[in-house]
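The structure appears below as structure tokens.
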There are 2 protein chains.
Amino acid sequence: MNFGRMSAPMSTHGVKDLIRVALGEAKADLIIENARILNVYTGEILDQCSIAVKGEKIAYVGDHTSRMVGPETVVIDAVGKTAIPGLIDGHTHMSAIFSLGDFLSYAVKSGTTTVITETMEPFPIMGVEGVEELMDSFENQPVKIFGTAPAMVSTSRSIMGISSKALKKLIRRNDIVGLGESYWQAVLQQPDLMIPLFNETLRAGKTLEGHSAGAKGNKLSAYVATGISSCHEPITAAEAIERLRMGLYVMIREGSVRRDLEAIAEMRSTGIDFRRAILVSDGVDPEDIIEKGYMDYVVQKAIRCGFDPVSAVRMATLNVAEHFRLDGFVGGIAPGKYADIVLIPDSETIEAQCVISSGKPVFRNGELLAFPRSHPYSVKCRRTIRLPGPLQPGDFRIPVANGADTRSVRLISLITDLVTKEVVLSLPVRKGEIGTDVDHDVLKIAAIDRAHRPGKLFTAFVRGFGLKSGAIASSAAWDTSDILVVGTDETDMARAVNRILEMQGGAVVCAHEKIVAELALPIFGLCRLNPCPCSMKRRSESKRRRLNLEQPLRTRCSP
Amino acid sequence: MNFGRMSAPMSTHGVKDLIRVALGEAKADLIIENARILNVYTGEILDQCSIAVKGEKIAYVGDHTSRMVGPETVVIDAVGKTAIPGLIDGHTHMSAIFSLGDFLSYAVKSGTTTVITETMEPFPIMGVEGVEELMDSFENQPVKIFGTAPAMVSTSRSIMGISSKALKKLIRRNDIVGLGESYWQAVLQQPDLMIPLFNETLRAGKTLEGHSAGAKGNKLSAYVATGISSCHEPITAAEAIERLRMGLYVMIREGSVRRDLEAIAEMRSTGIDFRRAILVSDGVDPEDIIEKGYMDYVVQKAIRCGFDPVSAVRMATLNVAEHFRLDGFVGGIAPGKYADIVLIPDSETIEAQCVISSGKPVFRNGELLAFPRSHPYSVKCRRTIRLPGPLQPGDFRIPVANGADTRSVRLISLITDLVTKEVVLSLPVRKGEIGTDVDHDVLKIAAIDRAHRPGKLFTAFVRGFGLKSGAIASSAAWDTSDILVVGTDETDMARAVNRILEMQGGAVVCAHEKIVAELALPIFGLCRLNPCPCSMKRRSESKRRRLNLEQPLRTRCSP
């Protein structure tokens with residue numbers, strides 16, 4: 001397998017092979033016989049079809065394959081099974097704490113053969129070189145992974161926006177299919193910064209991914225008028241419908257960060273067309289992918305929410321492919337497309353029994369048949385914790401000059417995992433500094449720059465985190481490239497950060513000056529290199545702020 | 001109006017204007033109020049909508065436009081009207097005997113605001129330069145015209161295929177959206193010639209237009225596997241369905257050459273999805289466009305054939321735009337798209353009462369408001385009849401050596417306007433040559449090369465043409481760049497061709513050595529420069545071989 005040129009045209013030689021097989025003049029490499037096929041183009045479910053594959057692509061679909069079977073042809077009898085196109089996740093974030101190999105194994109088992117991911121995370125750490133390294137690690141894997149170039153990187157103004165020059169380099173890449181999410185407020189506020197990036201992308205014939213969380217009416221129109229063509233942020237049926245009416249591709253999230261499918265599925269009652277509706281994960285945690293699955297779970301849930309199976313499958317195949325202009329390559333079972341095919345028991349049961357990716361059986365009878373390639377990451381992307389040296393507890397002190405007993409302090413109050421609120425509290429001053437107040441769940445939180453001005457540190461207060469003693473730190477902290485640490489005392493905070501420095505990336509829990517738990521994340525300080533060592537348990541949804549080592553700390557404000 | 005960069009991104013300045021209007025911070029240039037909108041994205045018909053336009057594009061769609069109305073804003077009250085997107089013809093041949101201005105006036109009146117045309121015709125005459133001149137004549141007109149680069153030019157082997165170098169030059173153009181029709185037999189027979197052209201096109205992110213007339217099953221699969229993504233040749237519902245299932249965009253023809261809509265509309269009964277069905281003309285004669293209209297007629301006929309209005313409109317708007325990857329620009333009424341809007345009485349009645357093209361009212365209350373630009377054609381494209389000198393009657397003689405009374409001759413037998421058959425007949429020999437036999441409708445037909453080996457001439461016989469005396473000649477004779485002449489005697493044949501030489505292109509009828517009728521076609525020898533002088537009468541469908549000066553002679557073989 002080689003997906004390095006996965007959206008590039010085939011060689012003349014390869015096309016001639018397909019022609020010969022289709023005409024019955026040469027033998028197929030693989031034939032799936034007697035399947036029912038869910039035809040995403042016409043919306044039909046067709047009985048008794050066979051699919052002939054040569055190399056990575058489909059040569060023929062129909063019922064005349066007998067002349068294509070040779071002694072070397074692998075024949076899969078799919079009688080009683082339904083064939084659907086390989087599933088596509090149209091929006092995710094692959095710079096997660098997975099090792100790539102872990103993720104890919106679960107993706108394959110779920111029948112997901114194409115993934116489109118944001119690439120913003122390594123950008124503030126390593127610039128274009130980081131994005132290129134990330135994209136290179138996706139090449140020649142059992143799942144096709146396309147990226148969108150980072151647009152804004154962060155809501156933090158200091159690292160917002162990438163240069164036109166950097167974008168020019170990325171957007172030329174075959175495996176970069178668009179410009180990643182750009183937040184609507186920032187686009188409307190800074191068109192001079194963003195529109196040149198949009199135009200660079202449009203000139204390359206690629207798409208602009210939107211992010212219009214909370215926008216509506218005039219503001220949404222203004223944002224859409226800039227040329228963006230998708231949004232993955234609606235959380236209600238009304239928001240989804242408003243976006244569909246404006247011609248956007250609406251991405252419905254059902255992943256670890258947001259689960260919007262059930263609410264948005266209400267739009268079924270309006271009878272509108274779903275050709276521009278897309279199912280996406282927007283990122284999955286390891287425990288979710290292990291327990292629930294991946295795009296198989298999402299499509300199944302769509303069916304459970306009342307979408308008919310053809311619509312549900314289309315929302316994770318053809319519709320996505322059309323949006324990203326990849327429909328000449330993936331998203332349907334037809335001659336000339338990649339042979340990405342999933343056999344399921346029936347169209348209502350999205351359970352991958354056999355997965356073909358680029359013409360190769362990669363999963364069958366519960367067994368993984370193709371293993372992710374181990375990528376030789378550069379030294380540079382494994383040395384991203386560029387602190388000048390270990391921190392001291394005193395680095396987290398917040399001294400105050402005058403002798404007052406209390407001090408009025410602005411702090412971060414956690415409302416949910418995703419939503420924070422500004423609160424002003426009066427905190428006691430002791431020995432000339434403001435300390436934590438564990439009884440009232442007021443802890444210190446610090447951000448330590450590891451990339452731009454390494455070692456630059458800012459300490460503040462957070463309420464509602466729930467830690468009773470010690471500290472927790474992580475170098476994976478969307479959407480900043482800083483190390484974040486929360487703690488009840490400065491010694492454990494320093495210890496936790498210093499362990500991250502030693503590991504060159506990771507998440508660490510420290511209590512009473514001892515490391516209690518740690519997870520190495522050596523790739524960009526964001527991703528694992530090796531498979532996950534820990535068995536992951538079901539997360540209780542009600543205990544939503546339970547500490548979860550498998551999840552990067554999230555501290556962004558509500559959109 | 002300037003469409004020279006019609007599929008290029010807007011300037012930052014232009015985008016900022018749209019943003020300001022959408023937010024109500026600036027005034028719109030044009031507002032359409034109180035319309036019902038046929039929303040092609042969701043399939044809904046929405047009441048009481050307003051559309052705000054700034055410059056060429058839509059800034060806002062909704063019901064909050066009061067702050068966008070200024071003293072300069074043109075306000076159209078569309079109460080009781082339905083707004084649909086400007087119609088698109090997805091496949092036509094614009095190198096027809098129209099003057100461009102004539103065609104565009106009728107296109108505008110029909111609510112057609114975008115046309116995608118083949119450009120093969122001038123290629124054998126003037127090469128890339130001819131295609132560029134044709135495309136240049138389309139710029140800055142009241143209708144957007146995109147071209148597909150010529151793929152094969154002709155079924156005649158001598159002028160088949162264009163060079164990769166020529167294609168490279170054309171495919172870069174902003175107004176060239178794909179590679180034009182390539183005949184399936186030729187592609188399967190000569191993949192080494194065609195696939196490099198396909199790949200050049202795919203690398204530019206553009207589409208491959210197919211031409212799979214008569215192909216089915218394995219052969220159709222083989223052709224589709226080469227990467228082509230449309231076909232405009234199905235003539236039955238079964239052919240259309242087979243192509244849709246293979247993921248092709250199926251173009252249904254309803255024009256002057258073919259009228260397939262009624263037959264193909266039978267596919268409605270299967271309940272399949274029409275998202276990849278497209279309505280096209282494949283070329284209209286002047287009399288058809290005058291009498292019936294253009295895309296308004298085609299969409300109306302689709303509704304009469306039982307398609308619901310939303311599907312019918314989509315087949316001439318969104319579906320076409322998606323196929324050509326122009327859906328960011330045209331094909332729907334949404335912020336950021338060109339303001340191409342047609343007001344019709346109701347969704348069942350496709351009658352353009354007001355047409356907005358790129359934000360400008362171009363037709364209203366029966367009156368044309370924007371006039372086609374007169375293009376300053378180069379001298380070169382007006383000097384394409386490169387014969388070394390006038391022909392003599394003797395040039396059409398067919399002498400035979402021996403003294404037999406009869407001679408067995410292969411001749412062209414006309415079956416229909418489009419279909420010919422090879423016939424072998426015994427013809428009398430008189431004075432050492434084979435002559436015409438008007439009583440048995442056996443006439444002489446000659447092709448005179450005017451481009452490649454000017455003056456090279458070949459004379460043969462044709463049966464079933466119906467001419468009783470004189471000759472008829474034309475320099476517009478798809479798919480060859482030759483002058484074709486049919487005649488009962490050699491003197492009139494020479495006279496007719498010589499008149500074409502004098503006019504530098506045209507169609508001429510000559511009888512008894514006098515010019516009886518003529519039509520100058522000075523542009524490439526194919527198109528008129530000035531508006532049509534003649535009033536055109538309804539053509540009787542039953543008299544299909546009646547001589548028709550408005551129609552190029554068609555002599556190609558059945559596909």
Side-chain angles (χ1 to χ4, degrees), chain A residues 8-12 15-16 18-20 22-24 39 41-44 46 57-62 64 188 191-192 195-196 198-199 202-206 217-219 221-229 241 244-247 270-273 275-276 322 325 327-328 332 334-337, chain B residues 8-12 15-16 18-20 22-24 39 41-44 46 57-62 64 188 191-192 195-196 198-199 202-206 217-219 221-229 241 244-247 270-273 275-276 322 325 327-328 332 334-337:
Chain A
M10 292 184 78
S11 68
T12 303
V15 175
K16 284 157 80 173
L18 292 182
I19 292 173
R20 280 198 299 267
L23 294 177
N39 188 304
Y41 306 109
T42 59
E44 296 167 296
L46 298 162
K57 303 248 171 131
I58 296 169
Y60 172 80
V61 182
H64 289 92
L188 296 189
D192 290 312
I195 303 303
F198 284 17
N199 287 351
L202 294 173
R203 273 192 290 273
K206 304 191 174 180
N218 296 69
K219 287 174 179 169
S221 258
Y223 181 51
V224 174
T226 65
I228 61 114
S229 58
I241 292 170
L244 288 172
R245 286 178 179 162
M246 290 195 193
T270 63
I272 64 169
D273 196 314
R275 67 198 268 173
R276 294 198 162 206
E322 286 186 346
R325 299 176 174 183
D327 54 314
K337 316 294 183 214
Chain B
M10 293 184 77
S11 67
T12 303
V15 175
K16 284 158 81 174
L18 293 182
I19 292 174
R20 279 198 299 266
L23 294 176
N39 189 304
Y41 305 109
T42 59
E44 297 165 296
L46 298 162
K57 304 249 171 132
I58 297 170
Y60 172 80
V61 181
H64 289 92
L188 296 189
D192 289 312
I195 303 303
F198 284 17
N199 287 351
L202 294 173
R203 273 191 291 271
K206 303 191 174 180
N218 296 68
K219 287 173 179 169
S221 258
Y223 181 51
V224 175
T226 65
I228 61 113
S229 58
I241 292 169
L244 287 171
R245 284 177 180 163
M246 290 195 192
T270 62
I272 63 169
D273 197 314
R275 67 198 267 174
R276 294 199 164 206
E322 286 186 347
R325 299 175 175 186
D327 54 314
K337 316 294 183 214

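Values in this document were obtained by computation on a predicted structure and should not be read as measured data. Side chains included, hydrogens not; waters and symmetry mates left out as well; all remaining heavy atoms used. Just so it is clear: chains get the letters A, B, ... in the order the sequence lines come, proteins before strands, and each one is counted from 1.
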So which part of [X] gets closer than 4.5 Å to some heavy atom of chain A, the side chain, the backbone, both or neither?
{"X": "B:Asn39", "answer": "side chain"}
{"X": "B:Ser229", "answer": "neither"}
{"X": "B:Val15", "answer": "side chain"}
{"X": "B:Leu46", "answer": "side chain"}

Which residue out of [options] racks up the most heavy-atom pairs below 4.5 Å with chain B?
{"options": "A:Gly43, A:Pro191, A:Gly24", "value": "A:Pro191"}
{"options": "A:Leu18, A:Asn218, A:Ile58", "value": "A:Asn218"}
{"options": "A:Arg275, A:Glu44, A:Lys337", "value": "A:Arg275"}

Minimum heavy-atom distance between [X] and [Y], given as atom pair plus value:
{"X": "B:Gly205", "Y": "B:Arg325", "value": "O-NH1, 3.2 Å"}
{"X": "A:Tyr60", "Y": "B:Ser221", "value": "CD1-OG, 3.2 Å"}
{"X": "A:Ala59", "Y": "A:Pro335", "value": "O-CB, 3.8 Å"}

Report the option among B:Ala225, B:Ala334, B:Gly336 that has the most heavy-atom pairs separated by less than 4.5 Å from atoms of chain A.
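Of the options given, most contacts go to B:Ala225.
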Do you know which of B:Thr12, B:Val224, B:Ile228, B:Ile241 has the most heavy-atom pairs under 4.5 Å to chain A?
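Ranked by heavy-atom pairs under 4.5 Å with chain A, first place is B:Thr12.
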Quick one: does any side-chain atom of A:Tyr223 pair with a main-chain N or O of A:Gly227 as donor and acceptor, under 3.5 Å?
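Answer holds: no.
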Look at the side chain of B:Asn199 and the backbone N and O of A:Ser11, then say whether any donor-acceptor pair between them is shorter than 3.5 Å.
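No; judged by distance alone, with no hydrogens or angles, the pair does not exist.
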Name all residues meeting the salt bridge (charged side-chain N to carboxylate O under 4.0 Å, His left out) criterion together with B:Arg276; count only those two or more places apart in sequence or in a different chain, and write none if there are none.
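Here the qualifying residues are A:Glu322, A:Asp327.
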Name all residues meeting the side-chain contact (heavy atoms from CB on, under 4.5 Å) criterion together with A:Lys219; count only those two or more places apart in sequence or in a different chain, and write none if there are none.
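So A:Lys219 forms a side-chain contact (heavy atoms from CB on, under 4.5 Å) with A:Trp184, B:Leu23.
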